[in-house]
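Lettering of chains follows the sequences in order, A, B, ..., and the numbering in each one begins at 1.
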2 protein chains.
Amino acid sequence: MIKFSKSEKIKTCFYQIESIYLRKRLRNNRTLHTNKLFQEMGGINIKKLACELNLSAATVSRALRDSHEISSETKARVLEMAKKLNYEPNPFASNLRGQKSKTIAVIVPEIANNFFSLAINGIEDVARERDYHVLIYQTHESSEIETSFLMRLLSGRVDGILISLACETVDKEHLRKVSDQVPVVFFDRVHDDIEGVKITTDDYESAYNAVQHLVENGCKKIGYLLALNTLSTGKKRLQGYLDALKYNHFPDDRKLIVESGINSDENYALIKNLIAEQKPDGILSSIEDLAMPCYYACKELELNIPADLKLISFSNLAHAELLSPSLTTINQPAFEIGVEAAGILFKIFNKRWYEPNETIILKSNLIKRESTRAVF
Amino acid sequence: MIKFSKSEKIKTCFYQIESIYLRKRLRNNRTLHTNKLFQEMGGINIKKLACELNLSAATVSRALRDSHEISSETKARVLEMAKKLNYEPNPFASNLRGQKSKTIAVIVPEIANNFFSLAINGIEDVARERDYHVLIYQTHESSEIETSFLMRLLSGRVDGILISLACETVDKEHLRKVSDQVPVVFFDRVHDDIEGVKITTDDYESAYNAVQHLVENGCKKIGYLLALNTLSTGKKRLQGYLDALKYNHFPDDRKLIVESGINSDENYALIKNLIAEQKPDGILSSIEDLAMPCYYACKELELNIPADLKLISFSNLAHAELLSPSLTTINQPAFEIGVEAAGILFKIFNKRWYEPNETIILKSNLIKRESTRAVF
DNA sequence: GTGAAAGCGCTAACAC
DNA sequence: GTGTTAGCGCTTTCAC
């Protein structure tokens, strides 16, 4: 038996692989695949690993997946060599074979948003625990982009999808088509009339309680900054506001409701106009982005928060405490929503989820601060 | 010639595929791959598409890639049918074949951070333009997690990597190994002694100018909240601070430098201690997370910002303006960094980048606000 | 201009 | 306990 030194062994392995190709090339009289030889020389794959160990690829594959058919001695050898050569199985090959991608997709309107980045944080944590990969897509609130992402994900690229819908969403048909083919879990921004598992917060109750909080602290005329109204999420917040007004026998004055415009300049103008014209003494904002302009508008109109106007907003601002004045917020458990949504997706993968149309509702937190303090 | 209705045609196609498998199964006397038939009936693939069009898979493939060999009439037919059947090529198959994944990875310490979420926003925008997918990983500042992500990406899962290093990073060896095999672009949190393309901001100048700004507004004793000091990014900020002190003939007092601790409670204690004991009249914070505790500490120590203590911080807080008092910030162009980093990665892909060791420096913006206002 | 067939790297089925 | 082989869906090479 001839003994090889390590480097000689590697060379031998390379020549062995090369000769296979050369033989085939001669046999078929074909040109070699453009960069095949280069690839063979470059990356380390299961064949080379097997060659190095004088084993078959199948055995190596089994050893790496800790199959019971393989002797523990062989397993140890394989694992050691795999580590030494930094071998990582090619995911595309195994995915193609096993029809599993070990990847989930997260589709959100914007990443650079306190709520969504916290939710993604939660999702990524859960995914990492399970050695899953996370693809991120942002729709910028465009239904068209959203649909195109969904269509691109139909091809088996991901095992499941977590989605928070764009405001503009109308195309429910596409959503249904997708969720027929790949598990989808909706979070926060949902549509009640689309079937599926949904994780939301108690939007109705939160809005209702927010109004109650304003009333208790002396508000008589409460405005509402409306957003997400194409989604169930937004509709519930609005309904909570309206029902709370009714409960307090406040008139239902639509002029007190401002609907978010097309950009932040327009929003600012609309909000300033609301405050100047209608003179509300309290405002509930259904999203954080509409609460900030209130601060600026009050500054410009020389109104004092909370003396002249009390403000409360759905928000995941980390530093609401440090605003001037500190902002009373309805704090959604964004991280937990991400964890929960991802957790359910994995349960679906493992066939441990039996409620294809369940809605899980997490509780938001009303954090009372300066902006709604009673002033006598 | 027999004509089929559409549904009959589909059935025929299915039976045709089924019969292929059944024949093989008989021939080989093997059991059918577990879920093969189900798969065949489920997803739409190139074979079924081809079958539907009475073409070969090869022709369909070429038509979809707009090859010049295919007649425009055929192309049109294929495209139409592909659209009708919602056909999306299986990415794992094409990736396996073409050794391209159309995917990039982004590795950051934390997603839920204004700077990183903005950078990811920029990256995602560029990726979407090019029909690339974006994988997200967060290291939570752990070098171990970072290395394990990098190793998992060695297998060809991604065409390139964008990374902002964890503070804890020490394992430069692994980084080198990875960047030998797959293009890597570093952004913001970089190590000068690792080779590679880097996108950073003018950290040294920013810190230097921040100190100058404090001095100009009357500060005589300026503290520094130190972070990222294991990285070049942090070292440059510190050096900027130190050099500016020297320029102003301020003593180089290490007691004025507080190094970020292991958690936010410890940070708060350290910072409060610095302010109480050393009584600085100005503080430069090298990261946003250390600036916020200053507000709380001043509140507790009954010190006024900016009268007793002026504060300036590296930060991408959207609402620095609304803090009380509004915070003077060194604003990094986070979105642009993301765009730039992704842009360079794509240039590398297209072999249009020839500077494997270049550092691109974008300018940060000093935004002067209340927290550093001169008080006389 | 189109079809047949090989092969990307891996793993399941079967053989021994 | 290990080796051989086929095939995941796609693209490319060669044949016509």
Rounded to the nearest Å, what distance is computed from the [atom1] atom of residue [X] to the [atom2] atom of nucleotide [N]?
X	N	atom1	atom2	value
A/Ile44	C/dC10	CD1	C1'	14 Å
A/Lys48	C/dG9	NZ	P	9 Å
A/His68	D/dT2	NE2	P	13 Å
A/Leu49	C/dG9	CG	C1'	13 Å

Which nucleotide sits closest to the side chain of [X]: [options]?
X	options	result
A/Ser56	D/dT4, D/dC10, C/dC10	D/dT4
A/Arg97	D/dC10, C/dA4, D/dC8	D/dC8
B/Leu55	D/dT2, C/dG3, D/dC10	C/dG3
A/Arg62	C/dT11, D/dT4, D/dC14	D/dT4
B/Ala58	C/dA4, C/dC8, D/dT2	C/dA4

Taking all heavy atoms of B/Trp353 and all of B/Ile348, pick out the closest pair and write down the distance.
CB-CG1, 3.8 Å
Taking the six-membered ring of A/Tyr137, is the NZ or CZ of B/Arg128 close enough (under 6.0 Å from the centre) and on axis enough (within 45°)?
no
Looking only at side-chain N and O atoms, does B/Tyr87 come under 4.0 Å of OP1 or OP2 in D/dG9?
no
So does B/Thr59 get a side-chain nitrogen or oxygen closer than 4.0 Å to the phosphate oxygens (OP1/OP2) of C/dG1?
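So the side chain of B/Thr59 is outside the cut-off, no N or O lying under 4.0 Å from OP1 or OP2 of C/dG1.
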In Å and rounded to the nearest 0.5 Å, what is the NZ to CE distance from A/Lys83 to B/Met151?
11.0 Å
Spatial distance of atom CG (B/Asn86) from atom CD1 (B/Ile44) [nearest 0.5 Å]
9.5 Å
Given the structure, check if the side chain of B/Arg77 and the base of C/dT2 hold any donor-acceptor pair shorter than 3.5 Å.
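By the distance-only test, no, there is no pair.
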With a 4.0 Å cut-off on heavy atoms, is B/Arg65 in touch with a base, just the backbone sugar-phosphate, or nothing at all?
sugar-phosphate
Short side-chain donor-acceptor distance under 3.5 Å, A/Asp159 and A/Tyr132
yes
Within residues 89-96 of chain B, which residues have any heavy atom lying less than 4.0 Å from an atom of DNA chain C?
B/Leu96
